[in-house]
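Comments concern the structure below.
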Amino acid sequence: MVTVRRAVQADAQALLTLLNGIIRRGGTTAMQYEWSIGEMTALIANPECLVNIAEDRDSGAMLGFQYIEPEDRLPKDMADIATFVAPDGTRSGVGRALTDMTCAEARSLGWRALDATIRADNPAGLAFYDAMGFRDYHVYRSIPLSDGTPVDRISKKRNLD
């Protein structure tokens, strides 16, 4: 069974370990550079951001996390959302549990919509956000990866009202 809770500073290292492992594997996130502990603690501490963690109710093991944050490229009432699930936790309801709680909390904090921008070569990520009620609204064409390979980014939107 999955439980979801708000992240605290004591979670920063575990979140960082999961995130950087996903970035190193590549292909399932638009992020190409590993985060530092300072970046993670700043995200958790930022009052404009929301970080939620999914855990196994029995073991307490972290299964994934999700965060929202404002971004300059988005309207003021729309936040960016990112979801990270441990490789052995995909297709187990972790993402849905996170999204249900994050959307409810985002709405209560005054956000009217969420943006998820996913690499076009990440079919699982695209399908996940579709299943969570996000709909395509913009495509950023041929954004180069760190090795120069051009990959489209597809922005999906979910209204919260």
Side-chain angles (χ1 to χ4, degrees), residues 2 4 7 15-36 38-40 42-44 46-54 62-161:
V2 177
V4 179
L15 295 171
L16 186 68
T17 299
L18 175 62
L19 175 61
N20 285 342
I22 291 169
I23 292 170
R24 276 192 297 277
R25 273 190 299 284
T28 60
T29 179
M31 293 179 189
Q32 298 175 68
Y33 301 100
E34 292 185 30
W35 283 35
S36 69
E39 290 170 310
M40 185 59 72
L43 178 72
I44 295 168
N46 186 334
E48 292 186 297
C49 299
L50 172 66
V51 184
N52 286 324
I53 296 175
M62 185 177 49
L63 304 172
F65 74 100
Q66 190 172 64
Y67 70 85
I68 62 170
E69 66 180 343
E71 266 198 24
D72 290 340
R73 68 179 174 81
L74 298 174
K76 296 294 180 203
D77 62 353
M78 179 186 271
D80 184 58
I81 187 170
T83 307
F84 305 94
V85 176
D88 58 350
T90 59
R91 300 188 183 271
S92 62
V94 172
R96 179 166 298 282
L98 283 165
T99 302
D100 288 350
M101 182 167 168
T102 298
C103 286
E105 289 183 348
R107 195 173 20 257
S108 73
L109 293 172
W111 295 105
R112 298 198 54 198
L114 297 177
D115 165 273
T117 299
I118 305 106
R119 285 170 42 169
D121 62 351
N122 179 359
L126 293 167
F128 167 74
Y129 283 106
D130 283 344
M132 296 300 106
F134 287 74
R135 298 296 171 247
D136 295 3
Y137 77 95
H138 186 74
V139 176
Y140 296 91
R141 300 277 178 206
S142 299
I143 306 299
L145 298 175
S146 58
D147 68 1
T149 304
V151 176
D152 290 351
R153 306 291 198 279
I154 300 169
S155 289
K156 295 177 173 290
K157 177 182 179 180
R158 177 172 167 175
N159 290 320
L160 298 175
D161 32 356

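Residue numbers count from 1 along this sequence.
- Atoms CD and CD1, from Glu39 and Ile44 in turn, are 12.5 Å apart once rounded to the nearest 0.5 Å.
- Heavy-atom minimum distance, Ala116 versus Ile81: CB-CG2, 3.7 Å.
- A heavy-atom distance below 4.5 Å is found between the side chains of Phe84 and Met31.
- Between Phe134 and Tyr129, the two ring planes are perpendicular [angle over 60°; tilted spans 30° to 60°].
- Across Ala120 and Val151, no two heavy atoms sit closer than the pair N-CG1, 4.0 Å.
- Within the model, atoms OG1 of Thr17 and CD1 of Ile22 stand 11.0 Å from one another, a figure rounded to the nearest 0.5 Å.
- Minimum heavy-atom separation, Gly125 to Ile118: C-CG2, 4.1 Å.
- Side-chain atoms of Arg158 come within 3.5 Å of backbone N or O of Met132 as a donor-acceptor pair.
- Separating the CG atom in Leu50 from the CE atom in Met101 is a distance of 7.5 Å, to the nearest 0.5 Å.
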* Walk me through it: do Asn46 and Glu69 pass the test side chain to side chain donor-acceptor pair (under 3.5 Å)? => CA-CA 9 Å; Asn46 186 334; Glu69 66 180 343; 5.9 Å; no

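- Enclosure of atom CG in Asp72 is not indicated, since only 12 or fewer non-hydrogen atoms of other residues, nucleotides or ligands lie within 6.0 angstrom.
- In this structure, the side chain of Arg107 engages the main chain of Leu160 through a donor-acceptor pair within 3.5 Å.
- A donor-acceptor pair under 3.5 Å is absent between the side-chain atoms of Glu71 and the main chain of Asp80, judged by distance alone.
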* Asked: Hey, mind stepping through Asp100 and Arg96 against side-chain contact (heavy atoms from CB on, under 4.5 Å) and telling me if it holds?
  -> CA-CA 6 Å; Asp100 288 350; Arg96 179 166 298 282; 3.7 Å; yes

* **Trace of the side-chain contact (heavy atoms from CB on, under 4.5 Å) decision for Leu145 with Arg119** => CA-CA 10 Å; Leu145 298 175; Arg119 285 170 42 169; 3.7 Å; yes

* To do: Might you work through the side-chain contact (heavy atoms from CB on, under 4.5 Å) test for Leu15 and Tyr67, ending with a clear yes or no?
  => CA-CA 11 Å; Leu15 295 171; Tyr67 70 85; over 6 Å; no

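- Here the closest non-hydrogen pair linking Leu98 and Gly64 is CD1-C, 4.0 Å.
- A distance of 7.0 Å separates OG1 of Thr117 from CG of Leu74, quoted to the nearest 0.5 Å.
- A distance-only check finds a donor-acceptor pair linking the side chain of Ser108 to the backbone of Glu105 [under 3.5 Å].
- Across Gly95 and Gln66, no two heavy atoms sit closer than the pair O-NE2, 4.5 Å.
- Contacts classified as ring pair (Phe, Tyr, Trp, His ring centres under 6.0 Å) and involving residues 99-127 (residues at least two apart or in different chains) are not found.
- Rounded to the nearest 0.5 angstrom, Arg73 CZ and Ser155 OG are separated by 5.0 Å.
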* Asked: Going through the checks in order, is the side-chain contact (heavy atoms from CB on, under 4.5 Å) test met by Asp115 and Tyr137?
  -> CA-CA 9 Å; Asp115 165 273; Tyr137 77 95; 2.4 Å; yes

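- For Asn20, there are no side chain to side chain donor-acceptor pair (under 3.5 Å) partners two or more places apart in sequence or in a different chain.
- Residues Pro144 and Gln32 share a closest heavy-atom pair of O-NE2, 4.1 Å.
- Within a 6.0 Å sphere centred on CZ of Arg112, other residues, nucleotides and ligands contribute 12 heavy atoms or fewer.
- Here Ser36 contributes atom OG and Leu16 contributes atom CG; the two are 7.5 Å apart, rounded to the nearest 0.5 Å.
- Scanning for salt bridge (Lys or Arg N to Asp or Glu O under 4.0 Å) contacts around Asp136 gives Lys156, with sequence neighbours left out.
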